[in-house]
Amino acid sequence: MNSRFWRMAIVFALVLLLTAPRLTDLPIAYASSQTYYVSFSSGNDSNDGLSAATPWKTLGKVSSRTFGVGDSVLLKKGDTWTGETLYLNGNGTSSNWITLSSYGTGTAKPAITPYASVAAIPAANPTNLAANGLLYAVYLHNAAGWKINGLEIGYAKSGIVYVNDTGGTRDGLWIEDCYIHDIVKWPMNPFPSADNRLAALQIMSYSVGIYTHLDESSPSNQRLKNVTVKNVAIDRTDGPLEIRKADNVSLEGIHTNDSYHEGVQLTGINVGYSGTPIGLMKNSVILNSGINGMAWGTAGLQFNAVENFVADNVEIGYTYSPNGIDGVGIDYEGLNKNVTVKNSFIHDNADEAVMVYRNPQWSGGVENVNTSLIDNVFQNNGINNDGNPHAAFLVQQYNYANGGTVSGNTIVKTSRAQALNMIVERTPQFNEYWPTGSYSLSNNTVKLPNGNILNYASTGFSGTQGKNGWTYRQFNGSTISDLSWNNTDQTWQGSATFLLVGEDWMHPATGYVTERIWTAPASENIRITGNPKKTDSALGNGVITSIWKNGTQIWAQTVTTTTGVQHDMQVSVNAGDTIAFVLDPNGDSSYDKTTWNPVVEEIKQTAYTANTDFGPQQGMYGWRYVENNGSAETNMTWNGASGVWSGSVNNLLIGDDWQHPAIGIQSQRKWVSPSSGTVRITGTVRKYDSASGNGVIASIWKNGTKIWGDTSVTTLTGTSHDFTATVAAGDALYFKIDANGEPSNDKTFWNPTISLAPSFSFDEKMAPYWSGTSM
């Protein structure tokens, strides 16, 4: 045959190939890099869809086509599609995407809303598939390599859902600049047993805004790789975002709010991935998760079998726990490896800020490995008001060999009384210890809401002299020398048997005292509290506990019982000053193991609030509690049983946020300024619980000069004050309540706040101004 015949034969064969029926249920958009336009307002499914002038109309039309690499499907801005699901068919790749985006003018995103409102979404039905109506807004079934950009997805049982249940390469899912909202009513009841739901409804536990799923019934089914979710807001969903069984995952600019059952869930990420995986979530916000609770508990951000992942600059706040389980900010639920949260703000969560847990139901007994928390701020966590204690930072169970790093974090407790951690294996479970295991711990700071720093002996304890400001020494009457670290026993040991310092305990030896020493990092005022007590036996002749500042004794007490004694004092220190906690055997060192976990509070606060600073010591935080009969000022006396300061006559009292005068004797809450500067004085004075009587007279004085009042207070609404004044170091502000002749029904609410903007030299600021404080 000649060459012309061959050319004709080839052309004829190509025609047959292009016109033959395809072995597929769906027609294929086979043109290279073709763009298709869709407009509900101006389209027609009879159009070719190839221009903005000839767009398709329905999502059904788009769903009927299979697209190829480089293709684009554009929805018209401002248009809304209701009553339809968009099924995306065809596979691109992460280097050659199929695109779903928008065209047209204006800022309104094209909206896919299977229903017109939440009320219109059918009620969940776990046994009747048809009764559930449309299950998805956008559904990708074995279809990867799609980039979805600039859409609104709302009023649906699920948002954007990717499901893979076949073999083959699954490369790429990119979702960017989308707004997803009101995703609810996926069947959950009866639940959590998935067996009680139809197979088609077992994919998800609840409605999810963005969800990826791998059917693992066949080992040939391929994991999804190269997932990016970027600049996406997700509001009012059962769960905002759950990426499952995927590798190379990048999440950025995610903002979720009002999630009814769970927060962001990451499951099976980068597990066994060969090469260098991508695992990152950054610059994101997760707020108000778990509003309605979940049978197994709630979390703002949960890691389940995640490997080689970093969450960086993520805010997680206001996680709920309505059914009393969890409510944590971050949950390392199990099987996680090399997962770090850093530079993040975790705040106002119902339960602890972080949970580290080995889930016994699916972890196979394998613990987390190297889960780290670095340079984060954890503030106001554990706030669930359910009558149970909740710690400020960690709740941990199992994970003895975690090996993670916990460093550079700031933990702000709700109050001094709140435990730092809940460690299930420790006694008591709520404590000021670090978890047992091989964590690397350094430079973590525990604070109060007013900014004061809490240095616990137990949390500062380490095997390195001087670390966290603590050192461990012995004294034989003439020479002070360092103790030696015993890594096996995790204790500091001296030159005599049983001369030891442990995490929260000490033991002396005959002829030796043992010392735990804190070194001041700066010139400042400090408060020193603690309760030395015999650890496990009241036998023996007891021990002598004492506190020394730079070699000068400032407190001492013999301890002979397992109840022990209390110390609470305020002193000033300069940088480099030492506070030594000394245990003397009192001659005989038998039965002398003594629990003593002192706390050194560095007073950094510039705002002083009456009820927050209230306590049993005169002069603490500058506050004093006095009475004045018109000629003399006299200190009140602490009544420990009632928790109030009592005056010389009945009902002359000061409580944490209230005062009560007596006939002819004023009740005065007094504050002494630690430095010169400007103070802002705010508060409200009102009758506490009854408007009866003839009221009280309230006034504020600086030294001997009245600066506010006299103000008659006769109602439960009262009157407010907000003004500024200048003060010098040592100036006194008085908050005075006078009985106005007779004191019946004169209990008066007054919880003033003094905000100090200092102008001082350090020498002036650190001058001791608390005369009369117990030493």
Side-chain angles (χ1 to χ4, degrees), residues 420 431-434 441-446 453-477 479-487 489-521 526-536 542-559 564-569 571 573 575-586 589 592-602 775:
L420 180 65
N431 51 57
E432 312 303 330
Y433 310 123
W434 292 116
L441 301 160
S442 62
N443 303 316
N444 298 294
T445 301
V446 181
I453 297 172
L454 299 175
N455 297 278
Y456 297 91
S458 56
T459 53
F461 187 74
S462 77
T464 302
Q465 290 280 11
K467 188 174 183 180
N468 304 314
W470 294 95
T471 53
Y472 312 90
R473 295 176 180 169
Q474 63 183 23
F475 180 60
N476 63 5
T479 303
I480 295 177
S481 56
D482 286 348
L483 301 179
S484 300
W485 177 248
N486 184 319
N487 194 57
D489 295 335
Q490 295 287 292
T491 59
W492 288 94
Q493 297 186 342
S495 54
T497 304
F498 300 123
L499 184 61
L500 305 167
V501 177
E503 188 177 30
D504 67 343
W505 59 272
M506 304 167 70
H507 199 297
T510 302
Y512 289 87
V513 300
T514 183
E515 302 185 2
R516 189 194 304 265
I517 302 167
W518 180 81
T519 300
I526 62 173
R527 179 183 181 185
I528 308 169
T529 56
N531 173 211
K533 56 188 177 181
K534 301 292 289 297
T535 299
D536 48 23
V543 295
I544 299 173
T545 57
S546 57
I547 303 174
W548 301 67
K549 173 186 169 184
N550 295 335
T552 300
Q553 188 179 93
I554 58 176
W555 178 87
Q557 188 74 47
T558 300
V559 176
V565 298
Q566 301 279 345
H567 59 79
D568 189 345
M569 68 194 74
V571 299
V573 292
D577 282 354
T578 59
I579 302 295
F581 301 89
V582 178
L583 191 65
D584 190 297
N586 199 22
S589 62
D592 277 358
K593 185 176 182 181
T594 303
T595 298
W596 194 3
N597 189 19
V599 184
V600 179
E601 177 181 340
E602 300 177 63
M775 300 289 282

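All residue numbers refer to positions in the sequence shown, counting from 1. Atom set for the values below is all heavy atoms of this structure, side chains included, hydrogens, waters and symmetry mates excluded.
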For [Y], is there any backbone N or O sitting under 3.5 Å from a side-chain donor or acceptor partner on [X]?
{"X": "Thr471", "Y": "Gln465", "value": "no"}
{"X": "Asp577", "Y": "Ala520", "value": "no"}
{"X": "Asn431", "Y": "Tyr433", "value": "yes"}
{"X": "Ser462", "Y": "Thr464", "value": "yes"}

Measuring from [X]:[atom1] to [Y]:[atom2], what's the distance to the nearest 0.5 Å?
{"X": "Asn443", "Y": "Lys467", "atom1": "CG", "atom2": "NZ", "answer": "7.5 Å"}
{"X": "Ile517", "Y": "Ile579", "atom1": "CD1", "atom2": "CD1", "answer": "10.5 Å"}
{"X": "Ser458", "Y": "Glu503", "atom1": "OG", "atom2": "CD", "answer": "6.0 Å"}
{"X": "Thr558", "Y": "Asp584", "atom1": "OG1", "atom2": "CG", "answer": "9.0 Å"}
{"X": "Leu500", "Y": "Lys593", "atom1": "CG", "atom2": "NZ", "answer": "9.0 Å"}
{"X": "Arg473", "Y": "Thr514", "atom1": "CZ", "atom2": "OG1", "answer": "12.0 Å"}

### Message
Can you tell me which residue among Trp470, Tyr472, Trp518 is in a ring-ring contact (aromatic ring centres under 6.0 Å, His included) with Phe461?
### Response
Tyr472
### Summary
Minimal heavy-atom distance between Pro585 and Gly511, with the atoms involved, is CG-N, 4.5 Å
### Heavy-atom pair with the smallest gap, counting every atom of Thr479 and Asn476
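Smallest interatomic distance, heavy atoms only, reads N-OD1, 2.8 Å.
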#### Entry: Option passing side-chain contact (heavy atoms from CB on, under 4.5 Å) with Trp596 (candidates His567, Lys533, Arg516)
His567
### Message
I need the single residue from Thr535, Thr595, Thr594 that forms a side-chain contact (heavy atoms from CB on, under 4.5 Å) with Asp504. Which is it?
### Response
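Exactly one pass, corresponding to Thr595.
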### Message
Between Gln474 and Ser481, is there a side-chain donor-acceptor contact under 3.5 Å, judged purely by atom types and distance?
### Response
yes
### Task
Please report the C-alpha distance between Asn444 and Thr459 in whole Å, then the side-chain angles of each, then the deciding distance to 0.1 Å, and finally whether the side-chain contact (heavy atoms from CB on, under 4.5 Å) criterion is met.
CA-CA 9 Å; Asn444 298 294; Thr459 53; over 6 Å; no
### Query
Can you list the steps and then say if Thr545 with Trp555 is a side-chain contact (heavy atoms from CB on, under 4.5 Å)?
CA-CA 8 Å; Thr545 57; Trp555 178 87; 3.4 Å; yes
### Query
Going through the distances and angles, do Leu454 and Glu432 end up as a side-chain contact (heavy atoms from CB on, under 4.5 Å)?
CA-CA 11 Å; Leu454 299 175; Glu432 312 303 330; over 6 Å; no
### Aromatic contact, Phe498 with Trp505 (centres under 6.0 Å)
no
